[in-house]
Amino acid sequence: MLEKNPVVFIILAFVVIMVGTTITMIAPFKWINGAGDKIAEVKPYTPLQQEGRDLYMREGCNNCHSQTVRTLASDVERYGYGGSYSKSGEFVYDRPHLWGSRRTGPDLAHIGLKYPDPKGAWHKKHMENPQSVVPASNMPSYAFLNKPLDTTYSERKMKLLSFPYTQADLDDLKGKTEMDAIIAYLRKLGTDIPVKKAEAAAQAPAALKNPFTDLQTVAKDAESLYMQNCASCHGDKREGNLGPSLKGSAKSEADLFKTVSQGIEANGMPAFGGTLDEQKIWKLVTLIKLGAK
Amino acid sequence: MKVKTQYYDDSVKGFITWSIIWGTVAVLVGILISLQLAWPQLNVAPYLTYGRLRPIHTNAGIFGWGIGSFIGLFFYITQRLTKTPLWSPGLARVTLWLFNIGIASAAVTLAMGINRTKEYAELEWPLAIVVAIIWVLFSINVFMTILKRKEEQMYISLWYIMAALVGVTVLYVVNNLGVPLHLFKSYSIFAGTNDANVQWWYGHNAVAMVLTVPPLALFYYFLPKVTGNPIYSHRMGIIAFWSLIFMYLWTGAHHLLWTPIPDWIQTLAMGFSIMLIAPSWGAVMNGYLTMNGQWEQMKSNYLVKFLICGITFYGLQTIQGPMQAVRTFSAFIHYTDWVPGHVHMGVLGWVSMIIFASMYYAITKIFDTEIYSVKLANIHFWLILIGQLIYSITMWIAGVQQGSMLLATNPDGTLHYSFMETMIAIFPYYKIRAISGFIYLGGLAAFIYNIYKTFQKGAASQAAKA
Ligand code: HEM
Ligand code: HEM
């Protein structure tokens, strides 16, 4: 009969398609983004951040960047920046989600933790000319974002998405450029969730003694730690770029340790106490002190 | 010939012509973005940056080339299988106009950065509505033709066609639900993890309902036509059909392994992906067994080469895909260049090979003539085969290399390679991939010239007859 009756056929095909659809796509609405997923600290976007998010979509940054730290140890190590893997509750204000499917560039879910500088100096330099900070990067230059932000719909967006906002938030948009907006968005990513940083900063400085006395034993680890965490600001060869040269330092080892662990966030030097354990920080200090000048 | 005159084939020709044009756009933009990944200086203007061009590439490929060809060829097949002229030629003409307006506007708006970012559903709401209308008009036309058919039995190709009509409609509408802000911007009605789950339910089934089911419909029709052998087993085709459309819908979350999507959905997706090997290989074996005793046609008949290579790549895809859906393997290759390798073996090997063969065959039948040059068709075949293989193989190597570098750790648990080191390692492969694109383009040029000449020849002989 099926081979002769197209109407019955179409209805049956629809029903067959709807079985898997119902179970794996419709039913999960009952659980996902429910009370169990809620994370109290996660805040909606401000008008400026939401504008930045929309620009991120306009430029299709998602074609090269993912935004989910998977539960794999290597993902947490590489992209967690002191935070953990991504949880459902971190995304409840994301319409649409921007998880992406390719990592031509690094994951950005927690990028706000990596570059905490309130002035966003690194981002600005990088967005304008990625190769000026990461020479081999294939990210396009986005200098054209240095133009006034169109705020016509900013308030309407907040209403449509039911995000809270104040007059001050709207005033904050005045005189901003598209670059400011996208940086505001990048700076927010991953920063709502409390991370280990605070404890590390409170460490007592008294017992600060470098366990490593020569470079040889730590050189390999230190080099890869450096390339991984520091090169984008201090240059591939420690020659200095956005941050000062690290070919040696006048500071004592204990002071260097403190700087790396606690950061100088107001000036753009992130704190690494949450991401790197003491051993690793000492390895870096050893590299700075004893490495090639 | 009396039978031939009763079919309405203008829109078949129209869709074939335009889908070739959009397919060429897809390949040209594909080459440009593959060059940009190796030489970022090629991002010369905002509307020519990689982030804006990549969706143009995928949309021109899937919608312009894929769907455009399917609409044209389904008009062709449906009429022949039902022995009935197309229900409404007028509607078909309108559909073609809308199709071209839709795809052209898609390219322009995506270049302007009007983009919902959900993969393969990037178009903003007014255009999404146009796409839905195109599909519904086309569906009505095909379905009405089937309803009014003179041939009572519905051959298996018609099953696949009808499944695609329903499937694409449901998927596309749901994943595009949104709240408009203004004409050029809307927000998805789903948020975060829910949105991701809906997206990949859609995304994977776009692969099923656009890049698997329609080429299978073509394959089941054209393989017997081209070889003169009936399909090996109708029953096997039917069992494979129902299990395929049943299982595909469970597998979306294999794009989201290790993410915040609930574990049980991931596990179901993994299980069903592996089970999919069975119906997929059902079709592959059906194809191979149809060739029983006739394998010499691989040499003597240029169309058989396309069809059999195409179904072979489908077979490879459907082993590779389930492998990628296994958690441990996904951990290794997800997000890397392995995936574009998988994708292009599918779109360039499987989908395009089947479309090329179907077009060659349909055009010569419509004009009741012979192909302009078999030799050129053979050149076409070898160039696209080599181009595709170089593309896929380099990307697999790049993916495995990057995947293993990204996971490598030092004795103290730190990561051995920085992200940039993993990227510098794959630049050579990016360059080879760009070359493979040019080889493929060469093959495409041979195809276009051949088709153009066949059109000319056909039109001339028709004029002579009239
Ligand atoms: C031979 C010419 C082609 C070249 C050089 C090419 C190149 C590319 C490149 C560079 C990408 C981006 C990969 C990445 O994310 O790293 C891509 C993605 C893609 N292309 Fe092509 N392409 C070609 C032909 C096609 C055709 C004809 C189609 C469609 C029928 C197609 C469909 C796609 C799809 C669906 C993606 C997205 C893959 C994903 O999300 O992983 N391509 N292509
Ligand atoms: C049984 C059959 C198949 C299975 C189980 C399967 C599985 C998968 C999986 C797991 C991925 C995600 C890879 C990742 O990102 O880690 C993927 C991606 C993809 N597959 Fe397949 N595949 C199958 C057949 C095909 C076929 C025949 C095509 C035809 C062209 C195809 C086209 C694609 C495309 C376009 C993507 C990229 C999606 C994106 O990330 O944007 N697949 N497939």
Side-chain angles (χ1 to χ4, degrees), chain A residues 3-4 6 9-10 13-14 16-17 19-21 24-25 28-29 31-33 57-64 66 68 70-72 74 77-78 86-88 91-99 101-103 106 134 136 138-141 144 153 156-157 160-161 221 224-225 227-228 279-280, chain B residues 37 40 43 46 49-52 54-55 113 115-119 143 146-147 152-154 162-163 166-167 170 179 181-182 187-188 191-198 201 242 245-246 249-250 252-253 255 258-260 262 265 268 331 335 406-407 410 412 414-416 418-421 423-424:
Chain A
E3 303 186 21
K4 303 197 171 150
F9 176 89
I10 283 255
F14 176 74
V16 168
I17 288 173
V19 180
T21 299
T24 62
M25 191 277 273
F29 282 113
W31 298 283
I32 299 177
N33 291 354
M57 291 174 65
R58 186 185 81 187
E59 297 310 330
C61 311
N62 57 299
N63 288 296
C64 286
S66 61
T68 14
R70 291 176 295 172
T71 46
L72 302 166
S74 56
E77 178 81 12
R78 192 179 293 279
S86 294
K87 318 222 174 26
S88 205
F91 303 101
V92 292
Y93 299 110
D94 290 5
R95 289 171 59 184
H97 75 294
L98 290 173
W99 295 4
S101 68
R102 281 284 286 121
R103 279 183 185 161
V134 185
N138 66 3
M139 174 157 148
S141 145
F144 63 83
Y153 293 99
R156 195 162 348 141
K157 286 178 181 176
L160 194 151
L161 294 165
D221 291 348
S224 54
L225 280 169
M227 289 308 290
Q228 183 76 27
Q279 293 277 318
K280 291 176 191 156
Chain B
L37 287 179
N43 291 280
T49 48
Y50 180 88
R52 296 197 194 178
R54 191 178 181 277
N115 179 350
R116 299 173 71 241
T117 69
K118 291 171 79 163
E119 265 183 281
F143 193 67
I146 295 177
L147 270 187
E152 208 189 0
Q153 284 278 338
M154 295 191 295
M162 285 192 284
V166 193
V170 174
V179 194
L181 175 75
H182 54 74
Y187 290 104
S188 173
T193 309
N194 272 324
D195 192 58
N197 197 39
V198 174
W201 162 80
W242 287 110
I245 67 166
F246 176 72
L249 281 295
W250 297 71
H255 293 263
W258 307 99
T259 70
I265 307 181
L268 276 177
Y335 297 128
L406 285 166
L407 295 182
N410 297 323
D412 66 349
T414 45
L415 299 162
H416 190 66
S418 70
F419 176 83
M420 281 316 291
E421 285 170 296
M423 191 173 146
I424 289 166

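Scope of the values below: all heavy atoms of this structure, side chains included, with no hydrogens, waters or symmetry mates. Lettering follows sequence order; numbering is per chain, from 1.
- In this structure the side chain of B:Y335 reaches within 4.5 angstrom of the side chain of A:R70, judged on heavy atoms.
- Both the backbone and the side chain of B:I245 have a heavy atom closer than 4.5 Å to some heavy atom of chain A.
- Note: A:S101 leads A:A13, A:S224, A:S101, A:S74 in heavy-atom pairs under 4.5 Å with chain B.
- In this structure, B:W250 and A:T21 have side chains that are not in contact, with every pair of non-hydrogen atoms separated by 4.5 Å or more.
- Contacts between A:K280 and chain B at a heavy-atom distance below 4.5 Å involve the side chain alone, from C-beta outward.
- With contacts defined as side-chain heavy-atom distances shorter than 4.5 Å, the pair B:Y50/A:C64 qualifies.
- For B:W242 and A:F9, the ring centers sit closer than 6.0 Å to each other.
- Put simply, the side chain of A:W99 reaches to within 4.5 Å of the side chain of B:P260, judged on heavy atoms.
- Proximity to chain B (any heavy atom under 4.5 Å) is shown, for A:F14, by both the backbone and the side chain.
- A donor-acceptor pair is defined here as one N or O able to donate and one able to accept, closer than 3.5 Å; such a pair exists between the side chain of B:N197 and the backbone of A:T24.
- A pairwise comparison of heavy atoms in B:R54 and A:N63 identifies NH1-OD1, 3.3 Å as the closest pair.
- In terms of heavy-atom pairs under 4.5 angstrom with chain B, the leader among A:L72, A:T68, A:V19, A:N62 is A:L72.
- The shortest heavy-atom contact between A:V92 and B:A191 is O-CB, 3.4 Å.
- Interface remark: B:L415 contributes backbone and side-chain atoms alike to the contact with chain A (heavy atom separation under 4.5 Å).
- For A:V134, the part lying near chain B is the side chain, with the backbone staying farther off; criterion is any non-hydrogen pair under 4.5 Å.
- Top candidate by heavy-atom pairs under 4.5 Å with chain A, chosen from B:H416, B:E119, B:H182, is B:H182.
- With sequence neighbours excluded, no residue satisfies salt bridge (Lys or Arg N to Asp or Glu O under 4.0 Å) with A:K87.
- For the pair A:P6 and B:M162, the tightest heavy-atom approach, listed with the atom from each and the gap, is CB-SD, 4.0 Å.
- Proximity to chain A involves both the backbone and the side chain of B:P46, based on heavy atoms less than 4.5 angstrom apart.
- Summarising the geometry of A:R58 relative to B:R52, their closest heavy-atom pair is NE-NH2, 3.5 Å, with the distance given to 0.1 Å.
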Derivation of the side chain to side chain contact (heavy atoms under 4.5 Å, CB included) call for B:V198 and A:F29: CA-CA 10 Å; B:V198 174; A:F29 282 113; 3.7 Å; yes
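- Side chain of A:N138 to main chain of B:P40: no donor-acceptor pair is present (N/O by atom type, distance under 3.5 Å, no hydrogens or angles).
- Of the atoms belonging to A:L225, it is side-chain heavy atoms, and not backbone ones, that fall under 4.5 Å from chain B.
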Stepwise side chain to side chain contact (heavy atoms under 4.5 Å, CB included) check, A:Q228 with B:F419: CA-CA 7 Å; A:Q228 183 76 27; B:F419 176 83; 5.7 Å; no
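- Not counting sequence neighbours, the partners of A:R102 by the salt bridge (Lys or Arg N to Asp or Glu O under 4.0 Å) test are B:D337.
- For chain A, the nearby part of B:M420 is the side chain; its heavy atoms alone come within less than 4.5 Å.
- Contact count versus chain B (heavy atoms, under 4.5 Å) is highest, among A:F144, A:F91, A:Y93, for A:F144.
- Within the 4.5 angstrom heavy-atom criterion, only side-chain atoms of B:N43, from C-beta onward, approach chain A.
- Taking all atoms of both residues into account, the shortest heavy-atom contact from B:T49 to A:P140 is CG2-CB, 4.2 Å.
- Contact of the A:D94 side chain with the B:D195 side chain is not registered, since no non-hydrogen atoms from C-beta on lie closer than 4.5 Å.
- Here the closest heavy-atom approach between residue A:R156 and residue B:L181 is recorded as NH1-O, 3.0 Å.
- The part of B:I424 that comes within reach of chain A is its side chain, from C-beta onward, which places non-hydrogen atoms under 4.5 angstrom from that chain.
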Full working for side chain to side chain contact (heavy atoms under 4.5 Å, CB included) between B:Q153 and A:K4: CA-CA 5 Å; B:Q153 284 278 338; A:K4 303 197 171 150; 3.2 Å; yes
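- A donor-acceptor pair is defined here as one N or O able to donate and one able to accept, closer than 3.5 Å; such a pair exists between the side chain of A:R78 and the backbone of B:L406.
- When B:N194, B:N115, B:I265, B:V166 are compared by the number of non-hydrogen pairs under 4.5 Å with chain A, B:N194 comes out ahead.
- The closest side-chain heavy-atom distance from A:M57 to B:T117 is below 4.5 Å.
- Side chain of A:R95 to backbone of B:S188: a donor-acceptor contact under 3.5 angstrom is found.
- Of the listed residues (A:Q279, A:K157, A:H97), the one with the most heavy-atom contacts under 4.5 Å to chain B is A:H97.
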